[in-house]
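Order of the sequence lines sets the chain letters (A, B, ...), proteins ahead of strands, with each chain counted from 1. Predicted model, so just to flag it, every value in this text is computed and none were measured.
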Protein chains: 2
Amino acid sequence: MTKRTDIGADLTKNQSLVMSALAGSKGPMSAYSILDEIRSDGVRAPLQVYRALDKLVEFGLVHRLESLNAFVACQHPACDGRKEKTVLFTICETCGGVQELVKDRLSKAIEGLARELEFSPSKSTIELRGMCSACKTATEN
Amino acid sequence: MTKRTDIGADLTKNQSLVMSALAGSKGPMSAYSILDEIRSDGVRAPLQVYRALDKLVEFGLVHRLESLNAFVACQHPACDGRKEKTVLFTICETCGGVQELVKDRLSKAIEGLARELEFSPSKSTIELRGMCSACKTATEN
DNA sequence: ATGGCACATGTTATATCGTAACACAAACAC
DNA sequence: GTGTTTGTGTTACGATATAACATGTGCCAT
């Protein structure tokens with residue numbers, strides 16, 4: 001049932017609920033905080049959330065941040081076309097903001113490295129923790 | 001008490017126990033599997049392991065693999081001098097093997113990116129999941 | 001030497017994150 | 001219409017991590 005086309009459409013009920021919780025959040029959310037948001041819509045168990053998240057990640061609509069055990073909505077229209085790309089996240093430890101980027105130079109460096117090592121990556125995790133420019137300026141007073 | 005100099009020396013009791021469990025393992029270990037290894041030495045609670053791990057990570061003797069929630073001994077003599085470097089891990093999903101690398105091209109790409117974004121990283125996580133060359137050759141039969 | 005400090009330790013309890021196993025329902029293929 | 005796939009719902013549990021509090025131990029400044 002259902003095929004994903006554009007954002008939010010053609011998702012199953014639980015997938016839509018999880019997706020809108022994430023889309024409505026300005027930062028990453030844990031599976032359990034998503035659950036809390038959508039309890040009022042009838043979702044009751046962690047597993048329902050995790051199952052929806054698995055699919056959303058598979059669709060490229062959501063990314064998992066490994067260093068936070070949390071999830072964010074994809075910041076591109078849909079990451080679908082970028083499945084093969086190397087995505088990087090910056091995570092500001094001050095404001096909690098997350099930025100998602102695809103950079104050619106970085107992708108190239110990773111690809112080159114993998115080739116050199118004869119390692120076939122199926123998934124890459126690149127996360128920078130630190131302080132974003134906005135928080136730095138805010139601190140300089 | 002105690003100052004770290006070379007590997008294994010000048011660590012506290014619990015730190016040494018955790019360190020040797022990790023050093024004796026060919027792959028990454030979870031905190032709880034470390035605990036199981038060193039229960040016979042009198043370590044009883046997760047917290048004792050986590051505290052030792054925190055210090056060992058701080059010393060650069062151990063790295064945390066975020067995508068596995070697990071820990072590995074540093075594969076360099078001691079990662080100490082490399083604190084500012086960008087370390088990458090390849091994680092083979094077939095054999096469980098982990099390789100730790102420092103590559104200049106990658107470090108440069110990350111640094112350039114951070115500068116461009118005016119983001120100040122305090123820690124970077126770069127992990128490639130996939131299949132190592134050895135497992136690939138083993139599969140080709 | 002003793003009182004204060006920093007740090008490592010020990011212990012219990014609990015928070016947080018994630019999955020196994022089973023049952024049922026809806027859509028689809030043939 | 002029967003079998004298959006996929007989503008759903010529920011209970012129970014496993015795995016990962018930390019809070020809070022008490023104790024021990026070396027150091028060193030007065």
Closest to the [X] side chain: [options]?
| X | options | value |
| --- | --- | --- |
| B:P46 | D:dT8, D:dA17, C:dG10 | D:dA17 |
| A:S30 | C:dT11, D:dT10, C:dC17 | C:dC17 |
| B:K13 | C:dG18, D:dT10, C:dT9 | C:dT9 |
| A:L47 | C:dG10, C:dA8, C:dA21 | C:dA21 |
| A:R64 | D:dT8, C:dG18, C:dT11 | C:dG18 |

What integer distance in Å separates [X]:[atom1] from [N]:[atom2]?
| X | N | atom1 | atom2 | value |
| --- | --- | --- | --- | --- |
| B:R44 | C:dA13 | CZ | P | 15 Å |
| A:L68 | C:dG18 | CG | C1' | 16 Å |
| B:N14 | D:dG24 | CG | P | 16 Å |
| A:L35 | C:dT19 | CG | C1' | 15 Å |
| A:F71 | C:dT16 | CZ | P | 16 Å |
| B:R39 | C:dT11 | CZ | P | 12 Å |
| B:I38 | C:dT9 | CD1 | P | 10 Å |
| A:F59 | D:dT6 | CZ | P | 11 Å |

Self-check item: Near-parallel close stack of A:Y32 and C:dT16 base (under 5.5 Å, under 30°)
Solution: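 Stack criterion not met.
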
Fill in: Face-to-face contact B:Y50 to D:dT18 six-ring, under 5.5 Å, under 30°
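No; by the centre-distance and plane-angle rule, B:Y50 does not count as stacking on D:dT18.
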
(Q) Using the ring centroid of each side chain, check whether B:F71 and B:H63 are separated by less than 6.0 Å. (A)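 No, the ring of B:F71 stays outside the 6.0 Å limit from the ring of B:H63, centre to centre.
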
Using a distance-only criterion (donor-acceptor N/O pair, under 3.5 Å, no hydrogens), is the base of C:dG18 paired with the side chain of A:R51?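 Looking at the base of C:dG18, it does not pair with any donor or acceptor on the side chain of A:R51 (distance under 3.5 Å).
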
message = Working note: A:E127 + B:K123, criterion salt bridge (charged side-chain N to carboxylate O under 4.0 Å, His left out); need CA distance, chi angles, decisive distance, verdict.
response = CA-CA 8 Å; A:E127 299 173 14; B:K123 198 211 162 197; over 6 Å; no

task = Mind checking A:A31 for me? I need base, sugar-phosphate or nothing, with any heavy atom below 4.0 Å counting as a touch.
result =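 Nothing, no heavy atom under 4.0 Å.
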
Considering just the side-chain nitrogens and oxygens of [X], establish if one lies under 4.0 Å of OP1 or OP2 belonging to [N].
| X | N | result |
| --- | --- | --- |
| A:N69 | C:dG18 | yes |
| B:Q48 | C:dT9 | no |
| B:T12 | C:dT9 | yes |

Rounded to the nearest 0.5 Å, what separates atom CD in A:Q75 from atom CG in A:L101?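 Atom-to-atom, A:Q75:CD and A:L101:CG are 8.0 Å apart.
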
| task | Would you check if B:L113 and A:R105 make a side-chain contact, meaning some heavy-atom pair closer than 4.5 Å? | result |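 Result no, sub-4.5 Å side-chain heavy-atom pair not found.
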
Q) Does some side-chain heavy atom of B:I110 sit less than 4.5 Å from a side-chain heavy atom of A:L88? A)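 They are in contact (side-chain heavy atoms under 4.5 Å apart), so the answer is yes.
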
